[in-house]
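Whatever order the structure lists ligands and atoms in, that order sets their numbers, starting from 1.
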Amino acid sequence: MAQKLIVGNWKMNGSLRSNALRFQVLAGEVQLPNQVVVLVPFVYLAQAKASLTGSDILWGAQDVSDQAGGAFTGDVSAEMLADFACHYVLVGHSERRKTHNESDIVIVDKFQHALNRSITPILCIGETAQDRQEGKSESVVLEQLDVVLKRLECLDPASFVVAYEPVWAIGTGKSASVESISAMHSLIRAHLKKWNARGEETRILYGGSVTTENAERILKLENVEGVLVGNASLEAHDFAAIARITA
Ligand code: PGA
């Protein structure tokens, strides 16, 4: 029974008051069988740090700048995230790829800046509904992974996390089937092992409409080392229930 990585992505949700309640519920969870992380909007990182320090829950951010610092209005650097003791950061979430037109180069730079500050990047990859219809799911996913694997030399397989998130499953209530999660995770695993002899050490998460209903089935699958949870992480008790699953 291995420890899983359970990550909550709050997206652009929260307020000082509602966060306080969520943090209180989560910080009260002790002896969890899994590593649990919440990714909060930048402005609430100080609150996360103050509320979760000393608890078993870690925190992080949903994005990071592709620049180290300087005249980049509105950006937040990896160094700043490190100042708030962020442990993890999402890189290349499909909502950012789409609404902020994030290119491959930008994604690699963000990934590298996170690593430079010892923040674990969670690289989000996944096909759209159209890719799927066109039978391109596998190639799209592996290409997105290769963007990082091929450009960053000496990348330590244990230093980052991959999140497979089919875009059509995000926020739709329609999670991928366990069969297709299994198939895609084994493909990603095989690819990682071909890339590096220690490819087994990279954790692969599944994301896309994970709920209290389906989380256990998903977490029990081979090559699924955790889940990335959006909507269901906003209800602290539901998220805590997922965090307590032993798989
Ligand atoms: P969802 O979001 O659980 O609401 O589908 C997942 C994500 O975008 O990380």
Side-chain angles (χ1 to χ4, degrees), residues 4-14 18-19 22 26 34-42 44-45 48 57-64 86-102 107 110-111 114 119-129 131-132 137 140-141 144-145 148 160-178 180-181 184-185 188 203-219 221 224-245 247:
K4 305 280 182 174
L5 180 60
I6 312 291
V7 184
N9 174 12
W10 287 8
K11 309 195 179 185
M12 197 169 68
N13 293 290
S18 65
N19 301 346
R22 279 188 208 139
L26 295 179
N34 302 303
Q35 179 64 72
V36 180
V37 184
V38 284
L39 305 177
V40 305
F42 292 134
Y44 298 130
L45 283 171
I57 314 288
L58 301 177
W59 57 94
Q62 302 164 16
D63 186 34
V64 60
C86 285
H87 297 264
Y88 290 87
V89 65
L90 293 181
V91 174
H93 189 282
S94 65
E95 284 152 14
R96 295 206 60 88
R97 288 182 194 259
K98 187 161 170 232
T99 58
H100 295 260
N101 295 318
E102 284 190 4
I107 287 170
K110 289 182 173 201
F111 191 100
I119 300 169
T120 305
I122 303 176
L123 176 70
C124 302
I125 57 178
E127 80 283 1
T128 62
D131 296 329
R132 196 171 154 85
S137 305
V140 165
V141 163
Q144 290 175 342
L145 184 56
V148 165
F160 68 101
V161 175
V162 171
Y164 168 58
E165 295 204 297
V167 179
W168 50 269
I170 296 177
T172 58
K174 280 186 253 150
S175 154
S177 66
V178 284
S180 76
I181 298 173
M184 195 59 95
H185 278 238
I188 296 170
R203 286 165 297 172
I204 312 173
L205 315 184
Y206 168 77
S209 297
V210 173
T211 62
T212 48
E213 304 287 302
N214 61 23
E216 186 163 358
R217 274 199 308 275
I218 296 171
L219 284 167
L221 298 173
V224 174
E225 280 85 36
V227 284
L228 179 53
V229 189
N231 265 328
S233 72
L234 297 175
E235 176 40 65
H237 291 285
D238 283 354
F239 187 58
I242 296 173
R244 284 194 296 265
I245 292 173

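Remark: among candidates Gly126, Gly171, Cys124, the nearest residue to atom 5 (O) of ligand 1 is Gly171, based on non-hydrogen atoms.
Every atom of ligand 1 with a heavy atom of Leu228 under 4.0 Å away is listed here by number and element: 9 (O). Atoms of ligand 1 lying under 4.0 Å from at least one heavy atom of His93, given by number and element, are 7 (C), 8 (O), 9 (O). Residue Gly230 approaches ligand 1 through these ligand atoms, each under 4.0 Å from one of its heavy atoms: 1 (P), 2 (O), 3 (O), 4 (O), 6 (C). Within ligand 1, the atoms closer than 4.0 Å to a non-hydrogen atom of Gly208 are 5 (O), numbered from 1 in the order shown. Below 4.0 Å from some heavy atom of Ala169 lie the following atoms of ligand 1, by number and element: 5 (O).
Under 4.0 Å from ligand 1, the heavy atoms of Asn9 that appear belong solely to its side chain.
By the 4.5 Å heavy-atom criterion applied to side chains, Leu221 and His185 are not counted as neighbours. Side-chain contact between Asp131 and Val141 is absent, with no heavy atoms from C-beta onward closer than 4.5 Å. The shortest distance between side-chain heavy atoms of Ile188 and Ile125 falls below 4.5 Å. Side-chain atoms of Gln62 and Asn9, non-hydrogen and from C-beta on, do get closer than 4.5 Å to each other. With contacts defined as side-chain heavy-atom distances shorter than 4.5 Å, the pair Val36/Arg244 does not qualify. The shortest side-chain heavy-atom distance between Leu145 and Leu123 falls under the 4.5 Å cut-off. Residues Val64 and Ile119 have side chains not in contact (no heavy-atom distance under 4.5 Å, counting atoms from C-beta outward).
Ligand 1 has no atom lying under 4.0 Å from any heavy atom of Ala232. Residue Gly173 places every heavy atom at 4.0 Å or more from ligand 1. Using a 4.0 angstrom heavy-atom cutoff, Gly207 does not count as in contact with ligand 1.
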Would you list the atom pairs, donor with acceptor, under 3.5 Å between side chains in residues 163-171 and any protein atom, with sequence neighbours excluded?
residue: Tyr164; atom: OH; partner: Glu127; partner atom: OE1; Å: 2.9
residue: Tyr164; atom: OH; partner: Glu127; partner atom: OE2; Å: 3.1
residue: Glu165; atom: OE1; partner: His93; partner atom: NE2; Å: 3.4
residue: Trp168; atom: NE1; partner: Glu127; partner atom: OE2; Å: 3.0

All N/O donor-acceptor pairs, side-chain side in residues 233-241, below 3.5 Å, sequence neighbours left out:
residue: Ser233; atom: OG; partner: Val229; partner atom: O; Å: 3.2
residue: Ser233; atom: OG; partner: Gly230; partner atom: O; Å: 2.7
residue: Glu235; atom: OE2; partner: His237; partner atom: N; Å: 3.2

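The shortest contact between atom 7 (C) of ligand 1 and any protein heavy atom is with Glu165 OE2, 3.1 Å. Nearest protein neighbour of atom 4 (O) of ligand 1, counting heavy atoms only, is Asn231 N, 2.9 Å. In terms of protein heavy-atom proximity, atom 2 (O) of ligand 1 is nearest to Lys11 NZ, 3.3 Å.
Residue Thr172 has no nitrogen or oxygen atom sitting less than 3.5 Å from a nitrogen or oxygen atom of ligand 1, judged on distance alone.
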